[in-house]
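Remarks on the structure that follows.
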Amino acid sequence: MKKILFLALALCLMAGTAVAADTIKIGLMAPLTGAWASEGQDMQQIVELLADEINMAGGINGQKIEIVTEDDGGDPRTAALAAQRLSTQGLVAVIGTYGSAVTEASQGIYDEAGLIQVANGSTAIRLSEKGLNYFMRTCPRDDEQGLVAYKALKNGGYKSIAILHDNSSYAKGLADEAKTLLEKDGANIVFYDALTPKENDYSAILTKMKAANPDVVFFTGYYGEAGLLLRQKMEMNWNVPFLGGDATNNPDLVKIAGKEAAAGFMFLSPPVPQDLNSKEAMAFMTAYKKKYNAEPGSVWAVLSGDGLRVVAEAIKATGSTDQDKLVAYMKNDLDNFPGLTGQISFNDKGDRVGDLYRVYKVSADGKFMLQP
Amino acid sequence: MTTLLSLKNLTKRFGGLVAVDHVNFDVEAGAIVGLIGPNGAGKTTVFNLITGNYRPDEGDVIFDNQSIKTLPTHKIVSLGIARTFQTIRLFHKLAAIENVLAGCHCRMQSGSLAAMFRTPTQRREEHQALQTALKELEFVGLQSQADQLAENLSYGNQRLLEIARALATQPRFIILDEPAGGMNNQETAALIQTIRNIRDRGITVLLIEHDMSLVMEACEQLVVIENGAKIAEGDPQAIQSDPKVIEAYLGTDEE
Amino acid sequence: MKDKRLVIYAVISVVLLLSPLFLNAYWVDVLNNVGLYTILALSLNIILGHAGLFHMGHAAFYALGAYTTAIINTTYHIPILWLLPVSGLVAGLAALVVARPIIHLRGDYLLIVTIGFVEIVRIALVNNVFGITGGSNGIFGINRPILFGWKINKPWEFFYLIWGFAAVTIFLFNRLENSRFGRALNFLREDDVAAEGSGINTAHYKLIAFVIGAFWAGMVGNIFAAKMTIIAPESFNFWESVVLFMIVLLGGRGSIRGVILGAFLVLGLPEIFRQFATARMLIFGAFMVAMMIFRTEGILPPLPRKYPIAKMLGREGSA
Amino acid sequence: MELFIQQLTNGLAVGGIYALIALGYTMVYGVLKLINFAHGDLFTIGAYLGLTLLTTLGLTNYLGPFGVVIVLALMVMGLVAIVGAALERVAYRPLRQSHRLSAVVSALGASIFFQNAVMLIYGARYKVYPHDILPRTAIHIFGLDIPLIRLLMLLTSIVMMIGLYLFIQRTKIGTAIRAAAIDQGAAKLMGINVDRVIMIVFLIGPALGGAAGLMVGLYYGQINFTMGWLYGLKAFTAAILGGIGNIPGAMVGGLLLGVIEAMGAAYISIAWKDAIAFCVLIIILIVRPTGLLGERVAEKI
């Protein structure tokens with residue numbers, strides 16, 4: 001048995017090291033299995049679609065690009081392995097991944113390998129505070145969103161506020177940011193607690209929250225739970241406004257909640273391609289619909305597409321695949337690059353800069369309407 | 001002669017049923033005593049009360065002038081009471097020698113750390129235990145089958161192996177629960193000799209047995225219980241002619 | 001027969017020892033994970049394999065060790081490897097406290113209580129209990145270990161640390177198995193009434209089995225924390241306990257070589273199946289069922305212990 | 001007080017589902033002493049099959065809401081029962097003579113297989129049941145708004161459980177199941193076809209799990225491929241809480257677990273509710289080592 005195993009190990013090894021010389025290889029690390037498989041599979045679809053488009057148009061500076069995808073399972077230990085695997089394959093850069101803890105487990109490995117990592121769904125502040133030269137992200141940070149949430153709640157004139165998160169590091173981070181800012185401002189936080197994700201019945205939580213009698217509920221978790229909360233809230237005949245964080249930005253939210261329950265729900269998010277009038281965004285939407293016969297899921301997956309596009313742009317502009325040159329270009333020279341999610345620029349830490357967040361509201365017929 | 005074990009008003013109830021009802025008797029050191037009675041009379045329950053598997057509701061168990069009724073079973077074993085089981089309870093998936101080594105356990109000291117670092121004391125102890133175990137196997141005549149799995153031994157040999165395991169605890173007192181159960185006549189005859197040999201080593205024997213030939217031949221004293229209560233006590237000849245005993249057996253037991 | 005087996009073991013050991021020379025960093029890291037889980041599963045094997053206690057919460061002890069190391073290292077900057085015994089001690093003490101009231105539970109009742117324990121630990125970590133666990137963010141910035149002035153950093157360096165530790169574990173646990181202690185665990189697994197009746201303090205041995213298993217798991221937690229430099233509660237969820245449980249049973253309860261092979265299969269196969277992309281876990285699941293059906297007692301069940309019976313009978317009395 | 005009753009109904013509704021799944025665990029355990037870790041995934045399969053049948057057959061065109069539900073329930077229960085029986089045949093029967101933990105590994109493997117099979121067939125995204133199947137009226141009692149469906153759901157669970165209990169206690173097959181649970185060898189000697197009994201158990205348990213999956217889909221709307229693991233764990237906890245192998249125990253355990261969770265969330269902390277539930281479980285087991293209704297068997301020595 002063990003012999004077979006070693007044989008298999010050896011074979012895989014040989015398969016892994018056969019390098020095609022004249023392509024530019026870019027990695028994608030995504031949760032293809034596990035709890036976040038829907039995000040990861042969407043990321044894969046988008047990145048492959050964009051890579052095909054680039055290749056159809058003749059590649060970058062005449063060279064085709066090749067996407068090497070690895071599954072991180074949405075789990076830090078698997079992610080470390082996936083990162084090890086990707087860093088041995090002669091890649092220029094790696095796109096991904098989803099989830100801050102998962103990204104964190106891979107960061108050091110890429111940095112040691114001198115590989116550029118462009119994360120797409122990892123908003124924890126600390127990821128870019130470590131001084132890792134090769135780390136960048138196309139998504140905004142929690143503190144930025146916390147500020148936007150605070151402003152939105154303040155402008156709404158809400159006095160007593162309930163905050164609910166799901167104890168994931170992302171949702172908790174956002175909830176804490178918003179809570180700190182609101183409390184500094186003298187707002188009354190009447191409820192602060194965490195639900196257990198992936199359950200189906202949140203009526204006990206809603207009942208408890210209702211008893212605290214808030215003017216508004218700010219839920220920082222994901223769309224699956226948000227949909228159920230809205231649906232069960234309606235069943236209880238409780239008409240409290242709900243505000244969501246950017247993880248609720250997914251068309252499935254309306255499907256889960258139903259149009260009636262979802263109507264009036266507001267959330268914060270970077271703009272989705274549908275709402276950008278740029279030609280890149282519109283072309284992307286058309287192409288995606290044509291190939292997969294659906295709309296893209298969350299904005300996070302789209303951000304992985306932007307990751308690929310900025311890397312391609314940097315290679316094209318510098319005419320090089322040298323990681324140091326590419327990073328320098330992206331941090332210093334890339335300015336207001338037309339992304340699928342708005343204009344993209346990076347600061348020295350590798351964070352995306354710019355006032356990215358918008359407020360959306362779900363209309364009566366279940367559409368996400370960008371609020372002015 | 002001194003009294004080694006003494007049961008005083010020993011009583012055990014299971015729900016409404018009184019399984020053992022104020023039983024009193026003494027066992028002299030160096031004796032071979034039989035505890036007999038019809039099926040369901042409470043004999044095995046008496047054994048379980050002595051060995052701490054059950055706790056008595058009333059009364060006391062005195063072993064070597066010390067009350068043992070609240071001690072856990074393994075403590076009772078290390079005080080010098082060993083037993084075999086009515087339904088054979090060997091470690092079936094382990095070798096015969098290991099079954100006997102289980103008995104040696106309570107006479108050994110070395111723990112997990114000594115094992116990991118294989119201290120000289122530990123090695124000496126292991127060696128001695130193995131010698132003891134082999135000696136006990138030889139005593140019951142199973143030395144040649146030392147490395148066989150317990151489950152592969154014949155029924156009679158499994159009973160003997162249980163005895164070897166019990167002897168390996170170096171007891172002063174051994175309790176045998178139907179040692180001849182499932183044995184043929186030849187094996188039973190050999191068992192009688194083995195029981196005498198055990199006594200000759202200075203170990204007091206208390207046994208339950210249905211095979212009357214064995215009881216009559218091996219035991220020097222008999223205690224008869226019926227429905228949990230003692231109905232007679234005495235030497236085999238006296239018991240054989242005791243009308244209460246005859247009635248108990250003829251009335252309830254076909255044997 | 002015995003010689004042939006020794007030759008196979010030797011060849012495998014040498015190949016393993018040299019593997020970082022011809023494997024890339026990824027496969028070395030896979031082997032690192034296999035190594036960590038080998039040690040963890042060996043420690044679980046004491047409890048589940050030898051003592052036969054249904055314990056599906058081993059990740060809790062692993063977590064306690066990892067968090068102990070992470071918390072002390074990041075606050076007081078005590079070098080990682082000094083914390084190795086400390087982590088073991090904390091996990092072992094926790095086992096002592098937790099196992100005492102539940103040790104008498106039978107089979108499946110013990111199983112659910114241990115599952116409950118690992119879940120309670122995870123939830124406590126997520127909720128940032130006492131404000132020291134960092135909640136779901138976990139703890140980051142854990143130092144790398146330094147061994148005799150050599151900073152362990154790269155996968156191949158960890159390879160030798162982890163497999164060195166595994167070798168020590170195998171060596172010690174093999175001795176433990178073949179001793180009064182190891183036998184006592186097997187006796188109470190086979191029949192705890194008969195074991196108690198043979199003079200073995202069964203409750204005590206069950207407890208000590210838990211403590212030793214937990215102690216080792218805690219030490220693995222220490223190395224894991226140093227290897228990852230960030231630890232988060234999700235690394236220690238109930239599923240990790242299930243994985244360890246599967247390794248022990250798939251390899252063979254109470255068999256060191258079986259457990260090692262089990263770790264290779266349970267951790268290695270999903271990596272080998274990476275070529276099947278999203279279907280890899282499906283194939284892995286089917287594989288588990290198939291392997292169990294074909295080797296119902298585990299792939300390499302334990303060999304009977306060897307005693308120098310013939311030798312002793314030959315020159316009895318001379319010792 | 002009003003809040004308390006509201007939370008009680010919340011807990012009972014969730015608990016009813018736990019109880020229904022727990023029955024599958026407990027029945028299989030009763031006869032085979034096997035913890036069927038794949039049972040939660042049979043629940044998932046029930047939820048997904050229900051969705052497929054609902055969207056492809058167009059039942060709503062011919063039948064009223066309750067007609068749809070009943071027809072759907074029968075079909076789902078039938079199909080999941082077949083899956084369950086096939087699982088027994090492939091993954092458990094070859095292991096019946098070996099150590100009972102071997103079958104646990106097989107069950108875990110089957111669980112991984114089913115979960116990923118569902119993901120590959122249906123995709124990893126949430127799936128959503130149509131919204132207009134069930135009427136969304138609420139009834140008012142004690143000044144509370146309680147959705148009618150919630151009550152019906154609880155009622156359905158209880159009716160199914162009582163039905164199963166009567167089936168086990170009163171019918172000939174039920175007697176055979178009980179006999180096989182006590183002693184398979186003796187049952188065989190009495191002329192009971194133990195293989196058939198096990199097959200029946202593996203039809204009934206999964207059917208109930210599938211029904212629970214359908215109920216969750218219909219009522220909550222949202223289903224995903226990992227849901228079985230969480231529900232399965234909760235239901236297993238419930239079965240142990242009540243005393244595994246004991247059918248009324250599974251019902252009591254399920255309902256109680258639901259209520260403990262709701263009360264823990266309401267009066268202590270939502271984030272800690274699962275930990276609270278496990279603490280209560282551990283305390284109960286320390287006091288009653290074989291669960292609430294489990295028999296205390298004094299071992300014969």
Side-chain angles (χ1 to χ4, degrees), chain C residues 48-49 52 54 56 98 101-102 104-124 126-127 129 192-194 197 238-239 242-243 245-250 253 262 270 278-298, chain D residues 29 33 35 37-38 87 90-117 119-120 124 229 233 236-237 239-241 243-245 269 271-283 285-286 289-291 294 297 299 301:
Chain C
L48 173 64
F54 293 9
M56 222 188 231
V98 171
I102 61 169
H104 64 285
L105 292 176
R106 294 203 173 269
D108 309 286
Y109 293 93
L110 184 63
L111 187 83
I112 193 74
V113 167
T114 54
I115 293 173
F117 176 58
V118 74
E119 278 296 277
I120 291 170
V121 167
R122 187 188 61 85
I123 292 168
V126 165
N127 282 311
V129 67
D192 69 347
V193 172
F238 169 47
W239 182 249
V242 173
V243 166
F245 198 83
M246 290 196 294
I247 291 174
V248 172
L249 293 172
L250 186 72
R253 284 165 291 124
T278 48
R280 73 187 175 111
M281 292 311 284
L282 176 97
I283 293 165
F284 176 68
F287 221 84
M288 294 284 301
V289 175
M291 285 193 287
M292 228 48 229
I293 289 172
F294 291 120
R295 300 284 293 185
T296 54
E297 293 301 316
Chain D
Y29 185 88
K33 304 286 172 283
I35 309 156
F37 272 103
L87 170 70
V90 173
Y92 302 151
R93 190 172 296 181
L95 292 165
R96 208 175 293 158
Q97 302 309 324
S98 42
H99 194 274
R100 63 201 202 81
L101 285 181
S102 301
V104 169
V105 176
S106 190
L108 288 165
S111 169
I112 299 172
F113 178 84
F114 280 140
Q115 185 178 325
N116 283 279
M119 182 191 83
L120 290 172
W229 185 247
L233 185 59
F236 175 48
T237 309
I240 291 272
L241 186 61
I244 194 158
S269 159
W272 285 84
K273 81 176 166 64
D274 286 355
I276 295 163
F278 276 120
C279 283
V280 172
L281 171 85
I282 292 172
I283 291 166
L285 287 183
I286 288 173
T290 51
V297 268
E299 199 181 353
I301 297 162

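Throughout, a chain's letter reflects where its sequence line sits, starting with A, and its residues are numbered from 1.
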Quiz item: For chain C, which of D/I35, D/L120, D/V104 has the most heavy-atom pairs under 4.5 Å?
Solution: D/L120
Quiz item: What do the steps show when you test D/F113 against C/F284 for side chain to side chain contact (heavy atoms under 4.5 Å, CB included), and what is the final call?
Solution: CA-CA 7 Å; D/F113 178 84; C/F284 176 68; over 6 Å; no
Quiz item: Which of parallel (below 30°), tilted (30 to 60°) and perpendicular (above 60°) describes C/F238 and D/W229?
Solution: parallel
Practice problem: Can you tell which part of D/F37 gets under 4.5 Å to a heavy atom of chain C, answering side chain, backbone, both or neither? | Solution: side chain
Quiz prompt | Heavy-atom contact with chain D under 4.5 Å, split by part of C/L110 | solution = neither
Practice problem: Report yes if the side chains of D/F236 and C/L111 come closer than 4.5 Å at any heavy-atom pair, otherwise no. | Solution: yes
Exercise. Give a yes or no answer on whether the side chain of D/S106 reaches the backbone of C/M292 with a donor-acceptor pair at less than 3.5 Å.
Key: no
Practice problem: Answer with side chain, backbone, both or neither: which region of D/R100 has an atom nearer than 4.5 Å to a non-hydrogen atom of chain C? | Solution: side chain
Self-check item: salt bridge (charged side-chain N to carboxylate O under 4.0 Å, His left out) partners of D/R96, counting only residues at least two apart
Solution: D/E88, D/D195
Self-check item: Chi angles and distances behind the side chain to side chain contact (heavy atoms under 4.5 Å, CB included) call for D/Y92, C/I293
Solution: CA-CA 8 Å; D/Y92 302 151; C/I293 289 172; over 6 Å; no
Quiz item: Which of the residues C/D108, C/I102, C/T296, C/V113 is involved in the greatest number of heavy-atom pairs with chain D at under 4.5 angstrom?
Solution: C/D108
Quiz item: Which one of C/G116, C/A124, C/A290, C/A279 has the most heavy-atom pairs closer than 4.5 Å to chain D?
Solution: C/G116
Quiz item: Measuring heavy-atom distances to chain D, does C/L48 have an atom under 4.5 Å in its side chain, in its backbone, in both, or in neither?
Solution: side chain
Practice problem: Just give me the residue among D/I276, D/I244, D/L281 that pairs up with chain C most often, heavy atom to heavy atom, under 4.5 Å. | Solution: D/I244
Quiz item: Can you name the side chain to side chain donor-acceptor pair (under 3.5 Å) partners of D/S111, sequence neighbours left out?
Solution: D/D41
Quiz item: Any salt bridge between D/D274 and C/R122, counting N to O under 4.0 Å?
Solution: no
Quiz item: Between D/I282, D/V105, D/I240, which has the largest tally of heavy atom pairs under 4.5 Å with chain C?
Solution: D/I240
Exercise. For residues C/M246 and D/I112, determine if any side-chain heavy atom of one lies less than 4.5 Å from a side-chain heavy atom of the other.
Key: yes
Quiz item: Within the side chain of C/Y109, is there an N or O that forms a donor-acceptor pair under 3.5 Å with the backbone of D/T290?
Solution: yes
Quiz item: With a 4.5 angstrom heavy-atom cut-off, which part of C/R280 approaches chain D: side chain, backbone, both or neither?
Solution: neither
Quiz item: Who wins among C/A286, C/G107, C/G285, C/G298 for the most heavy-atom pairs under 4.5 Å with chain D?
Solution: C/G285
Exercise. Kindly give the heavy-atom pair with the smallest separation between C/N127 and D/A271, and that separation in Å.
Key: OD1-CB, 3.3 Å
Exercise. First locate atom CZ of D/F278, then atom CD1 of C/I112, and finally report the distance between them rounded to the nearest 0.5 Å.
Key: 5.5 Å
Practice problem: Against chain D, work out which of C/I123, C/L282, C/I283, C/L250 has the most heavy-atom pairs shorter than 4.5 Å and name it. | Solution: C/L282
Self-check item: Which portion of C/A194 sits near chain D, non-hydrogen atoms under 4.5 angstrom
Solution: neither
Quiz prompt | When D/L95, D/L241, D/V90 are compared by non-hydrogen pairs under 4.5 Å with chain C, the top option | solution = D/L95
Quiz item: chain C heavy atoms under 4.5 Å from D/Y29: which part of the residue, side chain, backbone, both or neither?
Solution: side chain
Quiz item: Under a 4.5 Å heavy-atom cutoff, which of D/L108, D/L101, D/L233, D/I286 has the most pairs with chain C?
Solution: D/L101
Self-check item: For D/A91 against C/V289, the heavy-atom pair lying closest together
Solution: CB-CG1, 3.7 Å
Quiz item: What are the two closest non-hydrogen atoms of D/C279 and C/I120, and how far apart are they?
Solution: SG-CD1, 3.7 Å
Exercise. Could you tell me whether a side-chain N or O of C/E297 sits under 3.5 Å from a main-chain N or O of D/H99, the two making a donor and an acceptor?
Key: yes
